[in-house]
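One structure below.
Each ligand, and each atom within it, is numbered from 1 in the order the structure gives.
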Amino acid sequence: MAKAKAAAAPPVRGWPGVGTQLAGRLVKLDIHGPQDLLLHLPLRYEDETRCARIAELRGGEPMQVEGEVTDCEVRIRGRRQLVAQIQDDTGTLTVRLLNFYPQQQKQLEPGKRVRVFGEARGGMFGFEMVHPRIRTVDAGEPLPTSLTPVYPTTAGLAQSALRKLIERHVGRVSMEDYLPEAVRARLGLMSLAEAIPLLHQPPPEIDGSALDDRSHPAWQRLKFEELLVQQLSLRKAHAARRAKTAPVLTSPGQLVRALLDDLPFGLTGAQVRAGDQIDADLAQPHPMQRLLQGDVGSGKTIVAALAMLRAVEAGWQAALMAPTEILAEQHYLKLDQWLAPLSISVEWISGSLTKKQRAAACARLETGESMLAVGTHALIEDPVTLPRLGLAVVDEQHRFGVRQRLALRDKGEGVSPHMLMMSATPIPRTLAMSYYADLDVSVLDELPPGRTPIVTKLVSDARRDEVVARVRDACREGRQVYWVCPLVEESETLDLQTAIDTHAHLESVLGELKIGLVHGRLKADEKRATMAAFAEGELNVLVATTVIEVGVDVPNASLMVIEHAERFGLAQLHQLRGRVGRGKVDSVCILMFGGELSQTARARLKVIYEHTDGFEIAREDLRIRGPGEFVGARQSGVPMLRYADLETDGELIDQARDLAVELLAYHRPVAEQIMGRWLAGRESLLRA
Ligand code: ADP
Ligand code: MG
């Protein structure tokens, strides 16, 4: 144990050269201590051991050249940019920086000698590189002898700074190998002491392709350890859940049948399947932990409502929590409409209730006079008690933090309620598995019949007039229109202003139409009144910030315009688009984009343009963003797999699974040490 303590070195902050700001950025990468730093492995490697001549440049692959800067100017015509010329004795290369710092301008002063590394493309006047990596060198400076690691990083932390930091610590920090040598020998695994330095500083003679495709034994070792930690934590969390007691929610199913009989539609096959899986869980004396995943409009609400009825019939309470007032209220109204004929009342709990209303609702829940509650996070606040809570449902669960979900769970007294999480943000299953410690997943992979396909169009901002004309046409035909303005994260005021300006503009050019406006700053009852007016058809157009993003259901709205679509996340765009296509007429979603798009922005819009399937979109999103972006997501439970791949590392997974069982049974301390190192203080989240 003493040994383990010594290995758990002090946090990064307070290390020589690591100030508060740097420490903060490292924490964003989930680097809290020196061991985390060493486990932060390269995304890929760049080969700077070779230098081409400028005349040898080819397009389409990253290459390095060295030369002297002969010219450098800041162009202000068109887009402001820095353009430099670099020359060797075979030719000239143009270097273009669209954003730049004074520091870079200095690097590119005429007369300086530089090495640039990047992808060249043929421009009008020979080859050019946009945003290459630039390094100032002395004449005759030798080339590096080993591959250069490229790390996942975060805003404000330069690749070179991170690299230097890691370089300084490799070899200085010792990583004890918790895996006994006998085990390593049996599985043919390299030691950590060998693998880690090798991955950070590959020796010159190494097989670069084995590094790149991560088949090298050093990678295998790290992937194995990562998978082992995942297996260990899954097992631990699962065991912890089995040790808890939940109410057994079985019943003859009279209420469920009564509701089904009243519904104007029949359930889809997927809804029936998910319902069966949930029922089976609810019949267990251990808490369910299930994610109901289904694309926008796949009909998750009714599945949840049926589960809630099971709880009520078994004599237990159920609560449904949603992230926004609008969404929560829609759920409330829907449940009330479904359940009132069965004489079951639903309590509405939100921040906008008066003290008196809330007290009355709380009293009815406390005495058990009311068995169902729907609300926002107000549900988890203090005055609300749900003494017989048997089932907690969380909609759009990714909008809530782990702690909020736990707070809802803890509203029950004495027992752990069953948990049903719902999400339309399609996380590929492999990702979901690593995201949550211990979670079963039901998927609604079938949309209710009668949905109309949505046609997506990409339109430049310059053609706004045509878009407005389209809005007018749609409204003349009796349709309704959403006009969505982006959320500007840095500035709520700006966000508000865009929506207000757009609203004013549309009112002036579409004088004959009724145009409403909702945004985050409105009071809850103002928002509600506007939404209701839109749902009732009293408004033709609804200008909105992203408050309508989730769950709103107005079948007559068949046109959606999204401004500055390039500023939205892909999942968000997909959710927004799902607000139309809910009625009988063909629906259209117009994505407007402003100005010149970056390459990534273009790639992202292309994805949303080409795909309608949420899962496909999520997969593409992952591909474009790369694993680095998802580091933050790891805060929620078991770390995401950073190095191993559940699809291609099947053999390692099997070995890790077997070893996890063995360690937990016979070598518990070893299991704890390994988990401790990789999870670094997040273990409490495993119990989530
Ligand atoms: P989401 O999965 O996005 O939360 P909802 O539960 O809001 O979807 O359902 C979208 C709409 O589809 C609602 O109006 C709902 O009443 C309706 N609906 C749900 N299931 C079916 C079904 N099997 N057949 C027809 N309509 C359905
Ligand atoms: Mg929903």
Side-chain angles (χ1 to χ4, degrees), residues 256 259-276 278 290-309 320-341 346 374-376 393-400 420-427 441-454 480 482 531-532 534-536 546-558 560 571-585 587 589 612-615 617-618:
V256 166
L259 173 56
L260 286 176
D261 285 346
D262 280 356
L263 281 183
F265 52 78
L267 297 184
T268 63
Q271 285 171 320
V272 172
R273 257 193 321 278
D276 288 347
I278 292 168
R290 187 169 284 278
L291 176 67
L292 177 60
Q293 210 174 56
D295 213 339
V296 184
S298 59
K300 296 182 288 292
T301 320
I302 184 68
V303 176
L306 292 168
M308 292 169 85
L309 276 187
L320 191 165
M321 180 165 75
T324 66
E325 179 99 16
I326 287 179
L327 181 55
E329 186 174 37
Q330 284 227 341
H331 284 319
Y332 167 68
L333 294 175
K334 195 129 229 177
L335 282 179
D336 193 50
Q337 174 200 334
W338 283 335
L339 302 182
V346 183
V374 175
T376 56
V393 183
V394 181
D395 195 15
E396 300 300 334
Q397 55 77 30
H398 59 281
R399 294 282 199 100
F400 291 103
L420 179 64
M421 271 88 69
M422 303 199 281
S423 177
T425 297
I427 326 169
V441 182
S442 296
V443 180
L444 297 184
D445 52 3
E446 182 183 352
L447 289 182
R451 295 286 157 80
T452 45
I454 305 163
Q480 288 169 281
Y482 292 109
M531 291 304 297
F534 187 66
E536 294 297 318
T546 39
V547 289
I548 62 155
E549 183 189 339
V550 284
V552 180
D553 199 21
V554 181
N556 190 44
S558 64
M560 171 170 288
Q572 225 181 355
L573 283 177
H574 177 64
Q575 289 226 337
L576 279 170
R577 184 170 60 178
R579 300 301 115 214
V580 293
R582 298 192 156 207
K584 291 188 183 61
V585 294
S587 292
C589 177
T612 50
D613 178 67
F615 285 83
I617 290 170

Would you mind listing which atoms of ligand 1 come within a distance below 4.0 Å of any non-hydrogen atom of [X]?
{"X": "P448", "result": "20 (N), 21 (C), 22 (C), 24 (N), 25 (C), 26 (N), 27 (C)"}
{"X": "G266", "result": "22 (C), 23 (N), 24 (N)"}
{"X": "L267", "result": "23 (N)"}
{"X": "T268", "result": "23 (N)"}

Inset, instruction - Specify whether F265 and W338 have parallel, tilted or perpendicular ring planes, treating 30° as the upper limit for parallel and 60° as the lower limit for perpendicular. - result: perpendicular
Inset, instruction - Run the contact test for G297 against ligand 1 with a 4.0 Å cut-off on heavy atoms, strictly below, and give the result. - result: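 It does; at least one heavy atom falls under 4.0 Å.
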Legend entry - Close approach, K334 and ligand 1, non-hydrogen under 4.0 angstrom: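 Distance cut 4.0 Å: K334 passes for ligand 1.
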Inset, instruction - Check the pair D445 / R273 against side chain to side chain contact (heavy atoms under 4.5 Å, CB included), numbers first and verdict last. - result: CA-CA 10 Å; D445 52 3; R273 257 193 321 278; 3.4 Å; yes
Legend entry - Any N/O pair G299/ligand 1 closer than 3.5 Å: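 It does: an N or O of G299 is found under 3.5 Å from an N or O of ligand 1.
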Legend entry - Check: P449 N/O within less than 3.5 Å of ligand 1 N/O: no
Find the distance between [atom1] ([X]) and [atom2] ([Y]) and round it off to the nearest 0.5 Å.
{"X": "D395", "Y": "M421", "atom1": "CG", "atom2": "CE", "result": "12.0 Å"}
{"X": "L339", "Y": "M308", "atom1": "CG", "atom2": "CE", "result": "8.0 Å"}
{"X": "L263", "Y": "L306", "atom1": "CG", "atom2": "CG", "result": "7.0 Å"}

Legend entry - T301 and ligand 1 - part of the residue with a heavy-atom distance under 4.0 Å: both
Legend entry - Side chain, backbone, both or neither: the part of Q271 lying under 4.0 Å from ligand 1 by heavy atom: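 Within the 4.0 Å criterion, Q271 contacts ligand 1 through side-chain atoms alone.
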Legend entry - Matching residue for K300 among L420, D295, L292 - test: side chain to side chain contact (heavy atoms under 4.5 Å, CB included):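 Between K300 and the candidates, side chain to side chain contact (heavy atoms under 4.5 Å, CB included) is satisfied uniquely by L292.
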Legend entry - The single option from D336, V346, V374 passing side chain to side chain contact (heavy atoms under 4.5 Å, CB included) against H331: V374
